[in-house]
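Within every chain, numbering begins at 1; the chains are lettered A, B, ... in the order of the sequence lines, protein sequences first and strands thereafter. What you see is a predicted model, and the numbers here were worked out from it, not measured in a lab.
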Amino acid sequence: EAQVTQNPRYLITVTGKKLTVTCSQNMNHEYMSWYRQDPGLGLRQIYYSMNVEVTDKGDVPEGYKVSRKEKRNFPLILESPSPNQTSLYFCASRNPLAESSYNEQFFGPGTRLTVL
Amino acid sequence: AQSVTQLDSHVSVSEGTPVLLRCNYSSSYSPSLFWYVQHPNKGLQLLLKYTSAATLVKGINGFEAEFKKSETSFHLTKPSAHMSDAAEYFCVVSGLGTYKYIFGTGTRLKVLA
């Protein structure tokens, strides 16, 4: 089944404790992206990657890191989480025909992160 | 530059009555437009997308949207609401030559019995 998977689905942690949220897709998509969802703000892009070893900042990159060593994986790293990073996080991937923006993104199930 | 505005943060309808969720967009490019639905504690599901082939786009679960360039709108409609339609709906704009997906702030649809 074609899908985007994320782990963990739920995470409660404390301020300053490094964490990684994994994201994997099995659709051979070049493009992957991370979003955070907050009430009343919709989804905002954190980072994106157009292909392996190529990443760039989205709209809200502060406090996050990413890496893209393999096409299928795009982990999100919080080196020193803070309470304002409490949010619902979505990973997404997109068709290799990236020149056509009509191709929709496929989203993972989400990771609900709470930073105390 | 691109942007999208969902004009209502909350919409309530009675079961069996029509649904209208409003979305206006701004785009320097020929836009791509999408509607996604998010049910409580679930991920995002694509409802429909505008691909320039037709201005009236039909999606899943009886939803449709009409692209109106002159009004820069892409409103989502359904003739008859069902209880299972209660969810949050997001309008998204993208554009040829850009990788960005710009989300609206969402409209929460409530369906009353």
Q. At their closest point, which heavy atom of B/F90 faces which heavy atom of A/Q37, and how far apart are they?
A. CZ-NE2, 3.2 Å
Q | Heavy-atom contact with chain A under 4.5 Å, split by part of B/Q6 | A | neither
(Q) Between A/L43 and chain B, with a heavy-atom cut-off of 4.5 Å, which part of the residue counts as in contact: side chain, backbone, both or neither? (A) both
Q. Are A/V66 and A/I77 in one and the same hydrophobic cluster, where Ile, Leu, Val, Met, Phe, Trp and Tyr link if side-chain heavy atoms are under 4.5 Å apart?
A. no
Q: Determine whether B/L76 and B/V93 fall in the same hydrophobic cluster, where Ile, Leu, Val, Met, Phe, Trp and Tyr are linked whenever their side-chain heavy atoms lie under 4.5 Å apart.
A: yes
(Q) Hydrophobic clustering (ILVMFWY, side-chain heavy atoms < 4.5 Å, transitive) - are B/I60 and B/L20 grouped together? (A) no
Q) Any link between A/Y35 and A/Y10 through a network of hydrophobic side chains (Ile, Leu, Val, Met, Phe, Trp, Tyr) touching at under 4.5 Å? A) no
Q. Is there a side-chain contact between A/Q105 and B/Y101, using heavy atoms and a 4.5 Å cut-off?
A. yes
Q: Could you state whether B/L7 and B/L47 fall into the same hydrophobic cluster, counting links through intermediate Ile, Leu, Val, Met, Phe, Trp or Tyr residues with side-chain heavy atoms under 4.5 angstrom apart?
A: no
Q) Got A/R94 and B/S94 here, is their nearest side-chain heavy-atom distance under 4.5 Å? A) yes
Q) Side-chain contact, heavy-atom cut-off 4.5 Å: A/L88 with B/Q38? A) yes
Q | Distance-minimising heavy-atom pair for A/F90 and B/K42 | A | CZ-O, 4.3 Å
Q) Do A/F107 and B/Y36 make the cut of ring centroids closer than 6.0 angstrom? A) yes
Q) Crowded around A/I12 CD1? As in, over 12 foreign heavy atoms under 6.0 Å? A) no
